[in-house]
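Inspection log for the structure reproduced underneath, given as structure tokens.
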Amino acid sequence: MPELPDVETLRRYLDSTSLHRRIQSADARDARVVKGVSLKRLESTLRGREFESTHRHGKFLFVTLDRGPLLVLHFGMTGELAYFKHDQGEPAHTRLRIRFANGYRLAYVNRRRLGRVSLAENIEEFIRDEGLGPDALSVERDAFEDMLKGGRGKIKSALMNQNGVAGIGNVYADEILFQASVRPGKRLEKLTGKARRELFRAMRRVLKVAIRHRGHREEFPKTYLSDHREAGAECPKCGGRIRKGTINGRSTYYCPQCQT
DNA sequence: AGTACCACCTGACGGC
DNA sequence: TGCCGTCAGGTGGTAC
């Protein structure tokens, strides 16, 4: 489920495979994923161009071309990228295929189609139009703590709200709260300054660790919750029982002993 | 502003 | 075997 660390991993993957290669053609085959631009126009925009650089903001990946607009990718829950040689089989659920002049291809794959492919004129404008908050790994500590001070709801909702800080989804919200020892249902107005500070630290630490492990939960440190998302599982810190609840209509896992 | 719920979308899985 | 409800979780919309 691509959240910030996963999208960052995809960004690096695209960087290492697909920059500075002539695009022979693009094949956009799914109008339900391509938003705000026709399939034809997307294809003609990419044809003959090269990917020049990439930028990530929250869960969005921007790819600049050597001329013209930016390619914007969002991966929803099931999106990914695959770079492969033309004679290898194309992945199932490929929604956009890019053919490079070197005989390799880049596929935007998205089984469930929750996600989007679009074009944008510039990144700042796109972020503003979407109402996205600062990226969770770039936000200043004061801005983050002020955001928590200003809100009224549950802390987990605030962490997941892309208009507050961008990039945190369901799994990493739970992990950050677990590492900061804060209950997901805790109201913002009841957080202490110390807890806000600890949340900021945990957010940065968790996201960086996850990036280092390319989002592979099974490789996370032993004290992480992400690979034990199951009601009744053993808490990796205290050995108690993990509880499952619902916040924002999302399944939420936490340790009632460790998190207060 | 916050909450609650539905819709979008597909596949895996468990119950009957 | 096979049908069916439920769940997975990112986002957007609507009603309260």
Side-chain angles (χ1 to χ4, degrees), chain A residues 1-11 28-36 56-62 72-82 90-96 107-118 120 126-133 135-136 146-178 183-191 203 206-207 210 215-218 225-233 242-254:
Chain A
M1 58 319 313
E3 304 181 28
L4 187 153
D6 314 286
V7 178
E8 177 63 19
T9 302
L10 291 167
R11 187 187 73 75
R29 47 180 61 161
D30 199 304
R32 283 185 287 178
V33 170
V34 175
K35 306 281 170 65
R56 183 192 53 71
H57 187 97
K59 302 173 190 174
F60 285 91
L61 177 56
F62 303 92
V72 183
L73 302 176
H74 190 283
F75 297 92
M77 274 180 61
T78 55
E80 54 184 322
L81 297 172
E90 175 179 288
H93 315 298
T94 294
R95 312 298 180 194
L96 170 66
Y108 169 88
V109 180
N110 198 329
R111 177 162 58 78
R112 286 176 61 185
R113 296 186 169 96
L114 302 173
R116 61 209 235 217
V117 174
S118 54
F126 181 90
I127 290 168
R128 196 170 344 116
D129 291 350
E130 290 287 323
L132 295 175
D135 182 77
D146 287 350
M147 179 202 67
L148 296 185
K149 270 189 220 166
R152 297 288 105 174
K154 297 174 178 170
I155 177 62
K156 180 170 177 180
S157 301
L159 289 177
M160 288 181 66
N161 180 0
Q162 303 300 300
N163 309 133
V165 292
I168 299 170
N170 197 42
V171 172
Y172 287 105
D174 281 1
E175 187 67 64
I176 290 163
L177 290 161
F178 182 70
R183 287 230 186 176
K186 186 99 169 175
R187 319 287 307 188
L188 291 179
E189 55 272 35
K190 300 189 89 173
L191 282 178
M203 173 175 74
V206 165
L207 295 175
H216 295 164
R217 294 182 209 173
E218 67 281 4
L225 176 69
S226 300
D227 202 30
H228 311 277
R229 297 175 63 77
E230 197 182 337
I242 296 299
R243 192 173 294 170
K244 177 181 181 181
T246 300
I247 287 181
N248 262 357
R250 304 281 179 271
S251 55
T252 297
Y253 298 88
Y254 66 101

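Letters go in sequence order (proteins before strands), and every chain restarts at 1. Basis for what follows: all heavy atoms, side chains included, without hydrogens, waters or symmetry-related copies.
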**Message:** Under 4.0 Å, counting only non-hydrogen atoms across every strand here, what does A:G151 touch: a base, just sugar-phosphate, or nothing?
**Reply:** sugar-phosphate
**Fill in**
Given Watson-Crick and G-U pairs under 3.5 Å, DNA chain B in dot-bracket ([ ] crossing, | other strand) is .|||||||.|||||||
**Fill in**
Ranking A:R113 and A:G153 by the position along DNA chain B of their nearest nucleotide, the one closer to 5' is A:G153
**Message:** If the cut-off is 4.0 Å, is A:Q162 near the phosphate of C:dT11, judged by side-chain N/O to OP1 or OP2?
**Reply:** yes
**Request:** Give the first and the last nucleotide of DNA chain B, reading 5' to 3', that has any atom under 4.0 Å from a heavy atom of chain A.
**Result:** B:dG2 to B:dG11
**Asked** Has the side chain of A:H216 got a donor or acceptor atom that lies under 3.5 Å from a matching backbone atom of A:E218?
**Response** no
Write down the protein N/O and nucleotide N/O pairs, taken from nucleotides 13-15 of chain C, whose separation is under 3.5 Å; answer none if there are no such pairs.
none

Protein N or O to nucleotides 7-9 of chain C N or O, pairs below 3.5 Å:
{"residue": "C:dA8", "atom": "OP1", "partner": "A:K244", "partner atom": "NZ", "Å": "2.8"}
{"residue": "C:dA8", "atom": "N3", "partner": "A:R112", "partner atom": "NH1", "Å": "3.2"}
{"residue": "C:dG9", "atom": "OP2", "partner": "A:S251", "partner atom": "OG", "Å": "2.8"}
{"residue": "C:dG9", "atom": "N1", "partner": "A:R112", "partner atom": "NH2", "Å": "3.1"}
{"residue": "C:dG9", "atom": "N2", "partner": "A:R112", "partner atom": "NH2", "Å": "3.0"}

**Item:** OG1 on A:T94 to CG on A:D30, rounded to 0.5 Å
**Value:** 10.5 Å
**Asked** Under the 3.5 angstrom rule, does the side chain of A:H57 hit a backbone N or O of A:G133 as a donor-acceptor pair?
**Response** yes
**Request:** Measure from CD on A:E130 to P on C:dT11 and round the result to the nearest Å.
**Result:** 10 Å
**Prompt:** Which whole number of Å gives the distance between the P atom of B:dC5 and that of C:dC7?
**Reply:** 13 Å
**Prompt:** Between the side chains of A:K156 and A:T252, does any donor sit under 3.5 Å from an acceptor?
**Reply:** yes
**Asked** Given the C1' atoms of C:dT1 and B:dT10, what is the spacing between them in whole Å?
**Response** 22 Å
**Message:** Assess whether a salt bridge exists between A:R112 and A:E80, defined as any Lys/Arg side-chain N lying under 4.0 Å from an Asp/Glu carboxylate O.
**Reply:** no
**Contacts of A:K59 that satisfy salt bridge (charged side-chain N to carboxylate O under 4.0 Å, His left out) - sequence neighbours left out** = none
**Prompt:** Any side-chain N or O of A:H74 under 4.0 Å from OP1/OP2 of C:dT11?
**Reply:** yes
**Asked** Can you name the side chain to side chain contact (heavy atoms under 4.5 Å, CB included) partners of A:K35, sequence neighbours left out?
**Response** A:R116
**Prompt:** Hey, does A:K154 have a side-chain heavy atom less than 4.5 Å from the side chain of A:L188?
**Reply:** no
**Message:** Looking only at the aromatic ring of each residue, does the gap between the centers of A:F178 and A:Y253 stay below 6.0 angstrom?
**Reply:** no
**Request:** Determine whether the aromatic ring centres of A:F126 and A:F62 lie less than 6.0 Å apart.
**Result:** yes
**Item:** Nearest-0.5 Å distance that lies between atom CZ in A:R11 and atom CG in A:L81
**Value:** 12.0 Å
**Item:** Side chains of A:D174 and A:Y254 in contact at under 4.5 Å (non-hydrogen atoms)
**Value:** no
